[in-house]
There are 2 protein chains.
Amino acid sequence: MSQTKKSILLALGRLIKHRRKAQKLSQEQLGFLSNLDRTYISGVERGIRNPSLTALVSLASGLDTTVSELLKDLETEVTNLNLNE
Amino acid sequence: MSQTKKSILLALGRLIKHRRKAQKLSQEQLGFLSNLDRTYISGVERGIRNPSLTALVSLASGLDTTVSELLKDLETEVTNLNLNE
DNA sequence: GTGTGACTTCAAGTCCGTG
DNA sequence: ACACGGACTTGAAGTCACA
């Protein structure tokens with residue numbers, strides 16, 4: 001796993017945690033809302049999971065947002081979002 | 001795999017194919033640009049692959065766009081983008 | 001309420017090829 | 001140039017017990 005990938009996943013994790021806190025949800029509650037295991041949420045927030053598109057869709061709707069919104073935030077956080085060079 | 005997931009992946013595939021054609025790229029060329037195997041690109045376009053976040057990032061930059069842009073298009077195509085109900 | 005390690009099953013992703 | 005397949009290695013999905 002490249003360093004850039006890691007930083008993307010870490011940024012995603014921070015973002016999701018931030019959104020979750022803003023909604024005053026526990027990982028358990030978000031897990032329920034998104035039909036994902038609480039420990040899986042934990043892994044995503046810590047940046048050790050690389051979620052699939054469908055997992056992202058589940059997460060986003062649990063957080064009452066869309067994937068594109070979520071990733072737009074990610075793109076403002078990660079300045080150089082390029083894996084291919 | 002639920003029906004909704006399939007329709008999301010099919011929509012993503014159509015979208016990517018459309019973008020790729022617009023750029024006048026072959027699957028092979030896009031594979032090269034995004035550092036992904038050509039057969040994998042083929043699978044994504046046919047909706048039988050569920051790409052990870054990092055794969056999406058790679059694809060997006062190969063298509064000279066961002067993941068959020070790509071998924072915004074997807075959200076306009078897929079009316080009910082909700083896996084959790 | 002969360003982090004973490006370990007685990008199994010299944011899909012991601014690559015590489016070989018065919019028509 | 002692409003769909004499709006087999007075989008392969010790595011990693012994601014999904015869950016558990018424990019601290």
Side-chain angles (χ1 to χ4, degrees), chain A residues 1-63 67 70-71 74 82-85, chain B residues 1-63 67 70-71 74 83-84:
Chain A
M1 181 101 90
S2 84
Q3 206 50 50
T4 316
K5 286 192 184 179
K6 282 185 195 164
S7 67
I8 291 175
L9 299 181
L10 284 169
L12 178 76
R14 267 180 270 126
L15 221 82
I16 286 181
K17 184 169 192 167
H18 187 256
R19 287 235 180 211
R20 176 174 65 78
K21 294 282 190 190
Q23 312 261 2
K24 299 200 187 304
L25 295 172
S26 67
Q27 292 181 345
E28 239 162 10
Q29 290 172 314
L30 177 56
F32 177 77
L33 290 173
S34 51
N35 281 323
L36 263 26
D37 197 86
R38 120 192 132 62
T39 63
Y40 182 72
I41 309 267
S42 168
V44 172
E45 289 191 355
R46 282 177 292 138
I48 63 176
R49 299 278 188 157
N50 184 12
S52 66
L53 174 58
T54 54
L56 286 171
V57 171
S58 292
L59 272 168
S61 50
L63 288 169
V67 191
L70 212 57
L71 295 182
L74 193 144
N82 200 337
L83 259 28
N84 315 134
E85 50 188 39
Chain B
M1 183 99 92
S2 84
Q3 206 48 50
T4 316
K5 285 191 185 180
K6 282 186 197 165
S7 66
I8 291 174
L9 299 180
L10 283 169
L12 179 76
R14 265 180 273 127
L15 220 84
I16 286 181
K17 184 169 193 169
H18 187 258
R19 288 232 179 215
R20 177 174 64 78
K21 294 283 188 190
Q23 313 263 359
K24 300 199 188 303
L25 294 172
S26 68
Q27 292 181 344
E28 231 162 18
Q29 289 172 315
L30 177 54
F32 177 76
L33 290 174
S34 50
N35 282 321
L36 292 164
D37 196 84
R38 88 187 148 73
T39 63
Y40 183 69
I41 310 265
S42 167
V44 172
E45 290 192 354
R46 283 178 289 142
I48 64 177
R49 298 286 186 154
N50 184 11
S52 65
L53 174 58
T54 53
L56 286 170
V57 171
S58 292
L59 274 168
S61 50
L63 288 169
V67 194
L70 212 57
L71 295 182
L74 193 143
L83 259 28
N84 316 136

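Reminder, nothing fancy here: chain letters follow the sequence lines and each chain counts from 1.
The shortest distance between the side-chain N/O atoms of A:Asn50 and the OP1/OP2 oxygens of D:dA12 is below 4.0 Å. When the side-chain nitrogen and oxygen atoms of B:Arg20 are compared with OP1 and OP2 of D:dC2, one or more of them lie within a distance under 4.0 Å. At D:dA13, one or more side-chain N or O atoms of A:Tyr40 fall inside 4.0 Å of OP1 or OP2 (strictly under the cut-off). Close to D:dA3, at under 4.0 Å from its OP1 or OP2, lies a side-chain N or O of B:Lys17. Contact between the side-chain N/O atoms of B:Ser42 and the OP1/OP2 oxygens of D:dA3 is found at a separation under 4.0 Å. Within the structure, every side-chain polar atom (N or O) of A:Lys5 is placed at least 4.0 Å from both OP1 and OP2 of C:dG13. A close approach under 4.0 Å does occur between a side-chain nitrogen or oxygen of B:Gln27 and OP1 or OP2 of D:dA3.
The distance between atom CG of B:Leu53 and atom P of D:dG11, rounded to the nearest whole Å, is 16 Å. For B:Gln29 and D:dA1, the CD to C1' distance is 10 Å, given to the nearest whole Å. As a whole-Å value, the separation of A:Leu10 CG from C:dG3 C1' is 15 Å. D:dA3 atom P lies 10 Å from atom CD1 of B:Ile48, rounded to whole Å. Rounded to an integer number of Å, the gap from CG of A:Leu56 to P of C:dA12 is 13 Å. Summarising the geometry, the separation between CD1 on B:Ile41 and C1' on D:dC2 is reported as 13 Å, rounded to the nearest angstrom. In this structure, B:Phe32 places its CZ atom 18 Å from C1' of D:dA1, rounding to the nearest Å. Between B:Asn35 atom CG and C:dA12 atom C1' there is a gap of 16 Å when expressed in whole angstrom units.
Listed nucleotides: D:dA3, C:dG13, D:dA13. Nearest to the side chain of B:Pro51: C:dG13.
Using a 4.0 Å heavy-atom criterion, one finds that A:Ser26 contacts the sugar-phosphate atoms exclusively. Backbone-only engagement by B:Leu36 is indicated by non-hydrogen atom pairs under 4.0 Å involving sugar-phosphate atoms exclusively. Among the atoms of the strands shown, base atoms are found under 4.0 Å from some heavy atom of B:Asp37.
For the side chain to side chain contact (heavy atoms under 4.5 Å, CB included) with B:Leu59, the lone residue among B:Thr54, B:Val44, B:Val67 that qualifies is B:Val44.
Not a single donor-acceptor pair, N or O on each side, falls under 3.5 Å between the base of D:dC4 and the side chain of B:Thr39. Judged by distance alone with a 3.5 Å cut-off, no donor-acceptor contact links the side chain of B:Arg49 to the base of C:dA11. One N or O donor and one acceptor, one from the side chain of B:Arg38 and one from the base of C:dG17, sit under 3.5 Å apart.
When both pairing distances are held under 3.5 Å, C:dG1 makes no Watson-Crick or G-U pair with any nucleotide shown. Nucleotide D:dA1: unpaired (no Watson-Crick or G-U wobble partner with both distances less than 3.5 Å).
Using a 4.5 Å heavy-atom threshold, the side chains of A:Arg49 and A:Leu9 count as separate. Residues A:Leu70 and B:Leu71 are not in side-chain contact: their nearest non-hydrogen atoms beyond the backbone lie 4.5 Å or more apart.
The two residues A:Leu74 and A:Ile8 have their closest heavy-atom pair at CD1-O, 4.0 Å.
Remark: A:Gln23 CD is packed, more than 12 non-hydrogen atoms of other residues, nucleotides or ligands lying under 6.0 Å away.
Between the side chain of B:Ser61 and the backbone N or O of B:Val57, at least one donor-acceptor pair lies under 3.5 Å.
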